[in-house]
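Before any comments, here is the structure.
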Amino acid sequence: MRFNLTEQPWLPVVRMDGTRDEVDLVTLLSESHRIRRILGQSPPMTAALHRLVLALMHRVYGPADEKEWAELWRAESLPDPTTPRPGEPLPRLQADRFELFDAERPFLQCPAVSGVPASSAAKLVPHRAVGNNTTLFDHTTVQDEVRLSPAEAARWLVTLQAYDPGGMKTPYARDKSSQAAPANSMGMVLVEGRTLKETLLLNLMPYQPGESPRKTDVDDRPAWEAPPPRPEPEQRPPKGWTDLLTWPSRRVWLVPRQVDGETYVDRVVITPGTRLSGELEDNEWMAAHRRPKIREARSTRSGTTKPKYGPWYAVRLQEHRGVWRFSQELLLAPVGSEERRWQRPLTLDHVARMVMDRVIPRNAVYTLRVFGQQLDSKGSVVQQAMEETVAAPVALLRADHPVAGPVIGHSIELANLVGSALNQMDREHRAQFKAAASVGLDLAYWPLLSGPFDTFLQALARALEAGINPRPATDGWERAIWRIATEAAERWSERSLRQGRNLEVAGKCYEQFLEQLRHEIHTYHGYLVRYFE
């Protein structure tokens, strides 16, 4: 049984006309200029497939430096990955390493665990119920047979290596514990362009092992170029960027069989794999990281106050709140700060350089797609998969805008303070009646701010690029917050069940909220006036 990922369709894509299709790896690259995007069955699958394709692109195209990157960007299409590069006898795409059912080197698998008792193929699919993994919307039972086509099995295999939750797994020998796969600990940031070709290149940094990206050693290689892993779990730091993009977090063996001439995967072995050591902010370039300020410390010599920061954390998606609240960390390079408080995805540093070199138009607006997966408190059960977007005007990516950071920061803080005021209104009302917290107040506020914030970012970028006062951009954001917050508060105060003293107290809390809202907006104006002169 053969299924070669460079020849057989398995990657789910959306064409430029909106139709859906499945393509092989070679077709994906060769026709990327005619494809809109890769779109998996779930946000984690979409993210994991992009990471795999980017690792392959690094091995096939490099590019060794920004000049080579610019040549790829300006070309109508990507070069045929099956054609050798100038001066090289063989193509860098090793098709024999992409055999899904090869006996000796199966793609992203470990033949040595083939003797471990196999389980249902449902274990590859997070939303399917199997064993103790009960889910809300899946109504299958452990007795139901799950058959995956080779294409489906390949997609879920790639997703598993990037996003499998931790917890106890069937052991190869004795070690049952497994670390959650690396992508669970971050919101993976993908810069999306007009076509898949643009998207892939916008996330493809110059790649020269030993030089760039940093922390990439000369022996860096993707998982399919490495020997099959040993069956026992291990722990190590990544050898470099392509190693991390294809991290072998599980030892897997797919068990195929033929039914009526069709090949299916209905059994699978999944055992603990390689645990990642090292700090994520030192190795992961498709995520933003931040250090929260924990306290102010006074210097004993100079008497000046210097902030103290906690450990680095990857920016992650949070239910209801919106990833746009981390736009500083996602978009901006810190300016003039001795203490780094955030680190944007390294891919955006590269995009900013291409803007400064006029390879990418200075007025371009891309989209940041941020993918995440939320696990339970033990890190062993998938609770939900998430995907959010943030506008990314390239004018904001440059490092020479001392105004952008403070204006965006104060604008986000305004939203946070108004959101807190809404919750305070509800808390003070509940305190009078010892009532439970309201349901829906956050939902009536936070999700509705995402669109207006994108509009604000684009207006701010246009103003800064044109060298004009950005006050209209902040005024628009202020009006949006006022409208959304007051509508949420009015709906809260006018609930049909309120009457008598309940209605009277709600009215007073509502008036106090309006007073706090006016105060926060007045303070917002005061903060920003220094940047508008």
Side-chain angles (χ1 to χ4, degrees), residues 187 288 290-296 307-310 313 315-330 341-342 370 374 386 388 390 405-457 473-495 498 502 505-529:
R290 62 191 297 265
R291 291 194 298 168
K293 186 165 67 173
I294 53 177
R295 64 186 176 89
E296 300 281 348
K308 293 293 183 181
Y309 297 97
Y313 294 96
V315 170
R316 305 178 67 174
L317 296 179
Q318 299 178 7
E319 189 176 15
H320 306 323
R321 289 304 179 95
V323 74
W324 57 266
R325 295 185 309 128
F326 299 106
S327 292
Q328 281 181 300
E329 293 90 336
L330 289 168
R341 293 185 292 119
W342 68 76
V370 187
Q374 182 177 323
M386 296 172 283
E388 294 186 27
V390 177
V407 171
I408 292 176
H410 287 306
S411 298
I412 293 171
E413 183 63 12
L414 173 63
N416 289 334
L417 292 171
V418 172
S420 296
L422 279 170
N423 288 328
Q424 180 64 22
M425 174 185 69
D426 182 57
R427 282 195 300 271
E428 291 183 357
H429 177 267
R430 287 188 289 109
Q432 297 287 328
F433 302 96
K434 298 181 179 179
S438 297
V439 177
L441 192 54
D442 274 354
L443 286 173
Y445 176 69
W446 287 108
L448 301 185
L449 291 176
S450 178
F453 191 79
D454 279 359
T455 301
F456 157 70
L457 285 180
T474 59
D475 286 348
W477 175 238
E478 168 199 314
R479 288 193 297 271
I481 286 185
W482 176 276
R483 174 180 57 81
I484 293 169
T486 53
E487 288 177 357
E490 287 171 3
R491 286 194 294 271
W492 173 89
S493 64
E494 295 173 355
R495 287 178 179 168
R498 296 199 195 282
N502 188 309
V505 173
K508 290 181 180 180
C509 292
Y510 171 71
E511 290 299 327
Q512 291 172 356
F513 164 73
L514 289 181
E515 182 178 349
Q516 184 67 26
L517 177 61
R518 296 186 189 99
H519 169 74
E520 299 300 354
I521 287 180
H522 177 76
T523 304
Y524 177 62
H525 285 307
Y527 282 135
L528 295 183
V529 68

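Residue numbers start at 1 and run along the sequence shown.
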| Pairing residues for R316 by the salt bridge (Lys or Arg N to Asp or Glu O under 4.0 Å) criterion, not counting sequence neighbours | none
| message | Please find the pair of heavy atoms, one from W492 and one from A506, that lie closest to each other, and give the distance. | response | CZ3-O, 3.6 Å
| query | Is it true that a side-chain atom of E388 and a backbone atom of W324 form a donor plus acceptor pair closer than 3.5 Å? | reply | no
| Derivation of the side-chain contact (heavy atoms from CB on, under 4.5 Å) call for Y445 and V418 | CA-CA 10 Å; Y445 176 69; V418 172; 3.5 Å; yes
| Going by the salt bridge (charged side-chain N to carboxylate O under 4.0 Å, His left out) test, which pairs reach into residues 473-488, not counting sequence neighbours? | R471-D475
| message | Distance check, rounded to the nearest 0.5 Å: T474 atom OG1 versus I521 atom CD1? | response | 11.0 Å
| Does the side chain of Q318 come under 3.5 Å of the side chain of R325 through a donor N or O and an acceptor N or O? | yes
| field | Contact summary for Q328 and W342, nearest pair of heavy atoms | value | O-NE1, 3.4 Å
| query | What do you reckon, is CD of E490 surrounded by more than 12 foreign heavy atoms closer than 6.0 Å? | reply | yes
| request: Evaluate the side-chain proximity of W477 to I408: yes if any heavy-atom separation is below 4.5 Å, no if none is. | output: no
| So, for L441 and A488, which heavy atoms are closest and what is the spacing to 0.1 Å? | CD1-O, 4.0 Å
| task | Looking only at non-hydrogen atoms, find the nearest pair between V390 and S327 and report the distance. | result | CG1-OG, 3.9 Å
| Between CG of L417 and CD1 of I412, what distance do you get to the nearest 0.5 Å? | 12.0 Å
| said: For a side-chain contact (heavy atoms from CB on, under 4.5 Å) check, start with the C-alpha distance between S493 and F513, then their side-chain angles and the critical distance, and finish with the verdict. | reply: CA-CA 11 Å; S493 64; F513 164 73; over 6 Å; no
| said: I'd like to know whether OH of Y527 has more than 12 heavy-atom contacts from other residues, nucleotides or ligands below 6.0 angstrom. | reply: no
| task | Please check if any side-chain donor atom of Q516 sits under 3.5 Å from a side-chain acceptor atom of E520, or the reverse. | result | yes
| Do you know which two heavy atoms are closest between A415 and W446, and how far apart they sit? | O-CH2, 3.5 Å
| field | Under 3.5 Å: donor-acceptor pair, side chain of Y309, backbone of R290 | value | no
| query | Heavy-atom distance under 4.5 Å between the side chains of V529 and H525, does that happen here? | reply | no
| remark: Residue pairs passing the side-chain hydrogen bond (donor to acceptor under 3.5 Å, both in side chains) test with at least one member in residues 408-424, sequence neighbours excluded, are S411-Y524, Q424-R427, Q424-E428
| Less than 4.5 Å apart, any side-chain heavy atom of D426 and any of L422? | no
| query | Is any side-chain heavy atom of V407 closer than 4.5 Å to a side-chain heavy atom of F456? | reply | yes
| So which heavy atom on L448 is nearest to which on I484, and how close? | O-CD1, 3.3 Å
| field | From I481 atom CD1 to L414 atom CG, the distance as rounded to the nearest 0.5 Å | value | 4.0 Å
| Atom pair NE2/NZ of H429 and K508 - distance to nearest 0.5 Å | 11.5 Å
